[in-house]
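Predicted model, so just to flag it, every value in this text is computed and none were measured. In what follows, every chain begins at residue 1, and chains take the letters A, B, ... in the order their sequences are listed.
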Amino acid sequence: MILDKDNIYSDIEQIVSEIGTAKSAVIPILHAIQKKYNYLPEIALRRICDTTEITPASITGVSTFYTQFRHTPVGRHLIYMCNGTACHIKGSELVYDAFLRELRIKGNQDTDPEGLFTLQKVSCLGCCTIAPVVQIDDVTYGHVKTNSVSKILQDFISYQGKKVEQKTSEKKIY
Amino acid sequence: MNKKHLKKKYTEEVGEIRIGLGSCCVAIGSSKVQQELENSLVETGIQTQVKRVGCVGMCHRTPLLEVRPPNQKPILYDKVQPEEVKQIILKHYKPKSFKKRLTNVAIGFLENILNDNHSNGFIHHSINTRDPQIESFLGRQIHIATEYSGQIDPLSLQEYRSKNGFEALKQCLKEYSPEEIIENIKSSGLRGRGGAGFPTGQKLQIAHQAQDEKKYIICNGDEGDPGAFMDRMILESYPFRVIEGMIIAAFAVGAHEGFFYIRVEYPLAVERVKNAIYQCEKTGLLGENILGSGFSLKLKIFEGAGAFVCGEETALIASIEGRRGMPSFRPPYPAQKGLWGHSTLVNNCETFAAVPWIIRNGAQAFSKLGTDKSKGTKVFSLAGKVARGGLIEVPMGMTIREIVDEIGGGIENGRQFKAVQIGGPSGGCIPVELADTKVDYEDLTKAGAMMGSGGLLVMDENDCMVDIARYFLTFTCSQSCGKCTYCRIGIHHMLTILEKICAGKGTQSDLQKLEIIAHKTKQGSLCGLGKTAPNPILTTLTYFRDEYEAHLDGICPAKRCRDLISYAIDDSCIGCTICAQRCPVNAITITPYQKHSINQDLCTKCGTCKQVCPTESVVIL
Amino acid sequence: MINLTLNNQQLSVTGGSTILDAAKNLGINIPTLCHFNGYKSNTSCMICVVHELKTDSLIPACSMPVEEGMQIETSNERVWEARKDTLDLLLSEHVGDCEAPCQRACPANMNIPLMIRQIQEKNFEEAIITVKKDIAFPAVLGRICPAPCERGCHRKYYDNPVSICYLKRFAADVDLAKESQYRPYVKPNSGKKVAIIGAGPTGLSAAYYIAQFGHYCCIFDRNSKPGGLLQYEVHDEKLPKSILNAEIEQILELGVELRLKQTLGKNLNISELKDDYNAVVLALGKTDPNLFKNSEIELSSRGIVVNRKTYETNVPGIFTGGNAISEGKMAIRSVAHGKYIANSVNQFVNGRTITGHPQRFNSVLGKLQDGEAEEFIKEAEVFNRVVPAESFEIGYSVNESVKESKRCFHCDCRKPESCKLRQYSDEYGANQRQFKFGQRKRFQKNVKHDLIILEPGKCIKCNLCIEITKKAGEKLSFTFINRGFDVQLTVPFNESLNNGLQKVAKECVEACPTAALAWRNGEEESDIDKK
């Protein structure tokens, strides 16, 4: 995705026209920006301050308070490692480490060198009975073990492939 | 004949197949099963009704498929794999034509061969554990907030109405005054289901009496407890029920505008509530002049953005106002002065869900259930090392042991029941010795835990209590808003000490300081988060002090804390090299037919070898 | 009107007022940090808790409205303990030094950073005043002191410590070279007399300060020249006698009488001196125990037994210090003792309680972590230690000392007096080490403002500056970022402090209860109109 200033400005205009310009619109607006870019580009946040009643202090304070919001770009796919209590006692920590290893994510980074996957801990996905749980984009995997991590990634990638395949085959039929 | 009637007749003729589509179900593959089901029906030409239903509660056995053939006893299939769907249908239904029947047999045969090795490695479930509906799991439950659990389509307004849905609302709008409703709720003894258990009737009364021309109502669905999913299930499975409760409460206090505050992590709940609101608006159940009563209410959804502290009502309000979710000092309480300075009624979704039932069945029917001070039922998410986890609703006063043994089916894999963690980060660990504690607000608080939102996590002998305390403090430390001195700094310090203890570097003085800070943080914090955050420490210190002491000596009795354990291979090793091949750091040399050994310098204690060893020769020391 | 009891006093106050308001009506003081008149209380610091007896609970006075029948105690054991806990916790995340580490390391507790800033500004007259407030022999010590201050200096984490000792010597030498040297103000004669036995560094230093209090001082020494070890044991090459004698002369000029060849046990008798003088100081240097054989003065194997805080012996009115109490190698220690003795003597002869040197609360940053020296260097020049061009014997020239002084990190706090956190820490006896676990937060300095400095590590998250800048309509009003233990005060979008604080800098500095926001020039010049 190319983050061109004009594009962002027109996206922001769209978002603001849908959600509104009130101070209280800040969280819905941030959700919308993140949905668009997968993170919150600073230029977009500054633009919001220019075109709404939302102040720089408010947008900075709010966007750094809530854990959903990210200020740096992420990989193509997001892996949410559930860190809920049930997952914890069933060894999610070890699974998390296995993902780090498998994706060769080093140090303080959260994204693999290819920029394909970003690994993020989340407090609970609410699927406690099938712990440990991992969600990649919109696909959820339950009962994950450290030694099934690479299979999961393979499965996810092939699922992605299938999605594309499905779309093209659908086109062929109709 | 009307449409409703027609549909009923059709269902009688062809029966129906119900598929559970809660988040757990979807996560484990229900949507794949659903797709397969639809494909199979097209392929076989079998005529039946497919009905999606909300959470059945038996989350430990998802995906669930309930086949209800015409004039036959319903059969519930659990842990259904997509590739098994067709076989299941063919067991109960005959394909339409002989040709189709023949091809299906052939395909089924072929698929069976193909499927033998089809397991993809991470969802292993034997399919021979199937049995009819599990009596003991469901037997002792009483469904009030989760009425018609697993029976109705969450988004079918028609079906909801056919099961007395919105009858309570009609009754309230037509027959009752706000005061009467409040009186009714008061005498039912209903208390807030979000955690602290404030009497709901009293809260309604304060909001009702507030002199404010503008009032708001908020449904708190910001379930942040990292081991609980009641709110999610209720919103996903019973959106109309919660809406009905909210309209009644709004009518009682005189609010005309309201919000559903839902965690953004629950997209399915957001989607379903949105849809349900839309349907209600279209049918005159929401909006102007509801059911011709003259009463109006507008409901909107506000998606949270990831902050446990927003479960605290003043922080939740700050969040809706577009501020950082920091709690403020009470008084004034939101019921007096809340959202944008106006009187605001904030209740948990389970609380609202109970309201229509109370109106319909009478306060007496509700207060008959439960204990002296805790009336009615409570929804719990039962999870952890229990054989049958899921969403359950039980009468207050049931003991922990009854829940774990009778509903949960005891501990999985035959291990020892050690403790339950109840109430999540605000709650505490109750040891097996106190398993006969009654589940109600007072008794749990007495035991040092808390009802909380209703997370009930079962732990076995392999769970380290110090690690559990550390886990919860990691959570609360990351969730503290950072406003008041005690919560911001006290929790951080407690976590630092716990990390030290888990690493085997703790001292007696650390343990003493830990206890001191825990008490002071409990006393000095501004809001509930800080006041309850020390509970996991204080309860484990009370009931499992010996485990802390052992850690000071460098021993983790549950063999859980990574810095205090090591992996080894015992003499039963057959030298199969699987562990060596799978070890991610090459800490095991590939020596076929010889006993393997682990290089401790390289080992990262990831546990892979133990998982893959076919002879269970990997042991933790 | 609402009736309640406050510290056993009945009172009626208007509904809606807070307990803090009610207490103010009675003239009762309740400490506050996050509360500021004209702004809504943040209720975050929790220092203002009071005890409500009926519910037996601690409640924040700044926010709790009065209720009928409340029974409040604003200061009892429980309240006191809770306030101390609050302070201990706040201090455990407080990143910064009250006094600079060099000053804390100095036995005489000299305000070194102030002296250095005066040298930076070429204000040498003020510099010598700063020095002599605590050290009576700066030119001497500038030549022989092992400089423990430099071991404390944070600059060592960047390259080498600041040459504090040479700078002090420079300040003293400049003064000595002048025709009219600095002479401290001496109070009018009090009529009190103090005898000092021993004209070494301890005795002379004591005399210097006792004389300034207006008391008559007489020093007795067994030798024929004053100075003790400095006169007889230190090599002339290291310490030219001319320097020593010049500084002794400065002391005697204050009206101090010197009587030489007076030996204790021979022509000098303690009990007689005690009768003739209001107080006696035993500045004997290393003491022969036989001298006190039949005296009432208590001795130990190390020397005369002394109260280490007040420098009193077991006999009222007799004080001692320096090598007489235990042998030490540093002259600065003896010089420092002399100063502290003087304070105690002054209190004694005036009939006041002897408190000893008042120990103020000091927040301590401790060792610098990786990258922190880079924060400090923002306010200092990067070049390494200046080596005197002439020779070490001659010391720094004017330019050299000014240059060297610019290496100072300015570690000392900008609000050592007005910081409420320090005031309360003194009052409640807070202990910063009570809850010290793990690694502390990183030290940070934001100096991107002409007049203001922001040190986020000193912020107690009171929210006041955020409210003030918001109310004033600053375009980039302050905000908190992150949450929990990582909450930090900042200007949005990492903009400079200058851009953030355009209208209400003064208000923010005044409202800030700590030195998180302060004038860069500190309290010395806190008047914005001067700029």
Side-chain angles (χ1 to χ4, degrees), chain B residues 306-310 314-315 323-332 336 473-501 503 505-507 509-510 513-514 516-517 519-527 529-531 533, chain C residues 16 18 33-35 40-49 56-67 78 81-94 421 433-441 459-463 466 470 479-489:
Chain B
F308 174 64
V309 68
C310 287
T314 56
R323 293 185 281 127
R324 290 162 63 86
M326 314 237 258
S328 34
F329 183 74
R330 299 180 304 181
Q336 305 161 311
L473 266 288
T474 310
F475 178 78
T476 33
C477 190
S478 71
Q479 299 296 330
S480 161
C481 81
K483 181 173 177 170
C484 75
T485 303
Y486 285 85
C487 180
R488 178 179 74 247
I489 308 171
I491 292 179
H492 173 267
H493 288 346
M494 289 189 275
L495 175 59
T496 309
I497 298 176
L498 284 170
E499 280 171 345
K500 214 175 144 189
I501 294 175
K505 293 175 184 152
T507 61
S509 130
D510 286 330
K513 287 232 165 129
L514 178 66
I516 291 171
I517 303 174
H519 284 293
K520 293 190 186 306
T521 305
K522 198 178 167 103
Q523 175 188 278
S525 294
L526 175 67
C527 84
L529 192 154
K531 282 184 191 299
Chain C
T18 62
L33 287 168
C34 68
H35 170 86
K40 193 176 165 280
S41 285
N42 195 39
T43 338
S44 60
C45 73
M46 301 293 164
I47 191 81
C48 68
V49 287
D56 191 28
S57 56
L58 293 176
I59 43 181
C62 72
S63 302
M64 187 71 193
V66 287
E67 283 170 14
R78 222 180 126 191
E81 191 191 319
R83 288 182 189 159
K84 183 183 174 298
D85 290 338
T86 300
L87 290 165
D88 288 348
L89 284 171
L90 285 173
L91 292 169
S92 72
E93 69 158 0
H94 197 73
L421 186 60
R433 305 175 79 134
Q434 177 71 12
F435 299 125
K436 273 245 148 139
F437 309 99
Q439 209 179 28
R440 62 164 168 78
K441 279 187 189 169
C459 170
I460 60 150
K461 285 84 190 174
C462 74
N463 209 42
I466 291 179
K470 189 168 129 193
T479 183
F480 286 133
I481 53 164
N482 307 329
R483 68 185 189 203
F485 197 64
D486 299 325
V487 165
Q488 192 176 323
L489 181 67

Under 4.5 Å from a heavy atom of chain B, the part of I481(C) involved
backbone
Please assess R488(B) against L90(C) for the test side chain to side chain contact (heavy atoms under 4.5 Å, CB included), listing each intermediate value before the final yes or no.
CA-CA 10 Å; R488(B) 178 179 74 247; L90(C) 285 173; 3.6 Å; yes
Counting heavy-atom pairs under 4.5 Å with chain B, the top scorer among N482(C), N463(C), D486(C) is N482(C)
CG/L89(C) to OG1/T521(B) distance, rounded to the nearest 0.5 angstrom?
6.5 Å
Side chain / backbone / both / neither for R330(B) at chain C, heavy atoms under 4.5 Å:
neither
With sequence neighbours left out, the residues meeting side chain to side chain contact (heavy atoms under 4.5 Å, CB included) with A315(B) are V309(B), E312(B), P327(B)
For K470(C), does the NZ atom have more than 12 heavy-atom neighbours from other residues, nucleotides or ligands under 6.0 Å away?
no
Qualifying residue, where the test is side chain to side chain contact (heavy atoms under 4.5 Å, CB included) with V487(C) and the options are R324(B), K483(B), M326(B)
R324(B)
Under the side chain to side chain contact (heavy atoms under 4.5 Å, CB included) test against F435(C), which residue among I497(B), I489(B), I517(B) passes?
I517(B)
Short question: side chain of K513(B), backbone of Q434(C) - any donor-acceptor pair under 3.5 Å?
yes
Side chain from CB out, backbone as N, CA, C, O: work out which of these in S478(B) comes under 4.5 Å of a heavy atom of chain C, or both, or neither.
backbone
Audit row: M46(C), Q523(B), side chain to side chain contact (heavy atoms under 4.5 Å, CB included) steps and yes/no:
CA-CA 11 Å; M46(C) 301 293 164; Q523(B) 175 188 278; over 6 Å; no
Identify the two heavy atoms, one from R483(C) and one from A307(B), that lie closest to each other, and give their separation to 0.1 Å.
NH1-CB, 3.5 Å
Rounded to the nearest 0.5 angstrom, the CD-OG1 distance for E93(C) and T485(B) is 7.5 Å
Using the test ring-ring contact (aromatic ring centres under 6.0 Å, His included), find all partners of H493(B) that sit at least two apart in sequence or belong to another chain.
F437(C)
Over all atoms of both residues, closest heavy-atom pair of Y486(B) and A82(C):
OH-O, 3.0 Å
